[in-house]
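Because the structure is predicted, anything quoted here is derived from the model rather than measured. Residue numbers start from 1 in every chain, and the chains themselves are labelled A, B, ... in the order their sequence lines are given, proteins ahead of strands.
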Amino acid sequence: MQYMSDADLDVCPVCGDAVSGYHYGLLTCESCKGFFKRTVQNNKSYTCSETQDCRIDKTQRKRCPFCRFQKCLRVGMRLEAVRADRMRGGRNRFGPMYKRHRALKQQKNALLQSHGLKVEYHATDVISSPTRTPLNFPNITTTPSNTITSDLHQQTHSSNSFFQNQTRYESPHHYHVSPLGALYSPIHAMAVIGDCSGISGQAHCSGSFSPQGSALPQLLVEFLHCELDELQVQSKIIGRLQQMQGEGGWGGYGETHMYLMVDQMLFYIVEWARGSVFFKELKVSDQMKLLHHCWCDLLALDIVSRQVQHGRQGSLVLVTGQEVDLPALVTPAGPLLRTLVQKGQELVEAFRKLQVDRNEMVCFKFLILFNTDVKHVENQSFVENVKEQVHRALLEYTLCAFPQFLDKFDQLLLCLLDLRALSTLAEEYLCSKDICGEVPCNNLLNELLHAKHHSV
DNA sequence: ATAGCCTTGAGA
DNA sequence: TCTCAAGGCTAT
């Protein structure tokens with residue numbers, strides 16, 4: 001295989017063995033190529049003696065041809081590339097596709113290197129490959145007691161703490177088998193990406209071919225699975241706010257209402273983090289340190305992304321769906337709030353101009369959460385590792401989904417810096433307010449505001 | 001049946 | 001002429 005230069009580092013998406021070149025639509029190993037050819041040429045039919053979800057790896061690939069063939073199809077091997085006339089040599093119609101995929105890979109690797117990221121086999125191997133375990137999963141011990149408690153939320157959500165009662169995977173091998181099976185799932189990717197208007201020229205939009213690089217990175221699929229249901233969160237927050245207004249007599253839509261709402265938003269931000277892939281593997285103490293550091297960034301991103309998605313010029317869309325007139329909000333406000341609103345509007349515009357999509361927003365959340373600048377985190381290497389994986393997945397996604405927009409990744413990272421600046425401003429604003437005087441002291445907003453200033 | 005190596009031949 | 005992804009061959 002002297003001619004393999006860019007593929008020799010890859011692993012077969014079916015079994016994890018070394019790739020020998022492009023075969024039937026994508027980079028696979030020699031044995032899966034042969035297996036696929038035999039199966040199609042001889043019109044074989046197999047049956048599975050288990051539950052049709054056998055794990056296929058290098059050592060077990062012979063065990064269940066049924067599941068192996070299913071996996072071949074799932075990762076995108078093309079039946080039509082097996083020639084009915086058995087003609088040898090020459091080229092088929094996939095040739096140009098292979099070439100494009102090669103160029104894309106090269107481009108990706110160059111960009112990865114320029115960003116100081118290691119060039120890996122696949123951006124998504126880390127989750128699915130049975131042959132490698134680049135992620136250092138911490139050994140989870142019994143959950144220590146938390147310090148974040150809130151009577152308000154205890155009552156509301158019948159949990160005595162945000163960080164207790166987490167169910168965790170004890171096995172460090174949990175992620176070796178992806179819940180979705182394949183390294184890439186073009187079908188799933190299509191469903192998530194939706195229409196193809198923003199992905200001009202992409203192979204998987206033509207409906208004819210899906211080389212592995214053009215589907216949604218598996219990591220992103222995992223992230224999307226962690227998302228909370230937006231409408232459900234909205235209705236829960238509306239319900240809780242109505243309940244509190246009834247109880248405490250905080251009527252109207254003044255500042256108090258805003259703080260209560262922010263408090264509720266924070267509750268769901270913490271809930272999202274707690275249930276999220278990677279984060280839930282961390283020790284509670286590390287989870288707290290990370291959240292204490294980034295809650296306001298996440299809050300700012302949540303607000304900004306809502307404006308990008310639903311907002312109109314001159315108004316602020318709240319998590320409850322209500323619209324607030326911005327001039328009415330700003331006119332009586334102090335200079336800090338005015339700046340905050342102005343910077344926020346600028347960021348919303350920047351996001352719109354960049355056409356930041358939902359997938360990229362989700363990556364942002366994980367980049368914010370897994371901040372390597374947070375001090376005294378016990379499992380720092382884990383945080384670094386996750387951050388690098390998110391970077392890689394985001395880069396891969398932007399290159400595949402927006403090939404005409406080569407520096408989108410860089411632009412996105414710059415946006416993230418602006419978001420952090422906005423968040424700092426927002427936190428400053430919140431600190432300047434006597435929130436305790438406005439709302440009951442026992443709230444998450446207060447807790448997080450104080451936690452940051454008492455720690456370090 | 002599997003999988004590593006060999007041969008073929010259209011297109012760059 | 002060279003490349004490299006098809007199909008073919010064969011020991012295990």
Q) Trp272(A) and Phe223(A): aromatic ring centres closer than 6.0 Å? A) no

Q: Nearest whole angstrom, please: distance from the P of dA6(C) to the CE of Met77(A).
A: 9 Å

Q: With heavy atoms under 4.0 Å as the rule, sort Arg61(A) into base, sugar-phosphate or nothing.
A: sugar-phosphate

Q.
Just the rounded figure in Å: distance from P of dA3(B) to CD of Glu30(A).
A. 11 Å

Q.
Check whether Phe35(A) forms a cation-pi arrangement with Arg61(A) (NZ or CZ under 6.0 Å from the six-membered ring centre, at most 45° off the ring normal).
A. no

Q.
Taking only side-chain N and O atoms of Gln41(A), does any of them lie within less than 4.0 angstrom of OP1 or OP2 on dA6(C)?
A. no

Q) Just checking Arg68(A): base, sugar-phosphate only, or nothing, at a heavy-atom cut-off of under 4.0 Å? A) sugar-phosphate

Q) Tyr22(A) side chain N/O closer than 4.0 Å to the phosphate oxygens (OP1, OP2) of dT3(C)? A) no

Q) Is Arg91(A) touching bases, backbone alone, or none of the nucleic acid, heavy atoms closer than 4.0 Å? A) base

Q | Rounded distance (Å) that lies between atom C1' of dA1(B) and atom CZ of Arg38(A) | A | 6 Å

**Q.** 5'-most by nearest nucleotide on DNA chain B - Gly90(A) or Ser31(A)
**A.** Ser31(A)

Q | Interatomic distance where NZ belongs to Lys37(A) and P belongs to dA3(B) [whole Å] | A | 13 Å

Q: Using a cut-off of strictly less than 4.0 Å, decide whether Asn92(A) has a side-chain nitrogen or oxygen near OP1 or OP2 of dA5(C).
A: no

**Q.** Length of the CZ-C1' vector between Arg102(A) and dA12(B), whole Å
**A.** 13 Å

(Q) Do Tyr397(A) and Phe402(A) have side chains that approach each other closer than 4.5 Å (heavy atoms only, starting at C-beta)? (A) yes

(Q) Looking at Arg392(A) and Glu388(A), is any side-chain nitrogen of the basic one under 4.0 Å from a carboxylate oxygen of the acidic one? (A) yes

Q: May I have the distance from Ile56(A) (atom CD1) to dT2(B) (atom P), rounded to whole angstrom?
A: 11 Å

(Q) Just by distance, no angles: are the side chains of Glu346(A) and Gln342(A) close enough, under 3.5 Å, to form a donor-acceptor pair? (A) yes

Q: Round to the nearest Å and state the distance from Leu79(A) atom CG to dA6(C) atom C1'.
A: 16 Å

Q) Asn43(A) CG to dA1(B) C1': how many Å, rounded? A) 17 Å

Q.
Using only modelled atom types and a 3.5 angstrom limit, is any donor from either the side chain of Lys33(A) or the base of dG4(B) paired with an acceptor on the other?
A. no

Q) OP1, OP2 of dA6(C) versus side-chain N and O of Tyr98(A): anything below 4.0 Å? A) yes

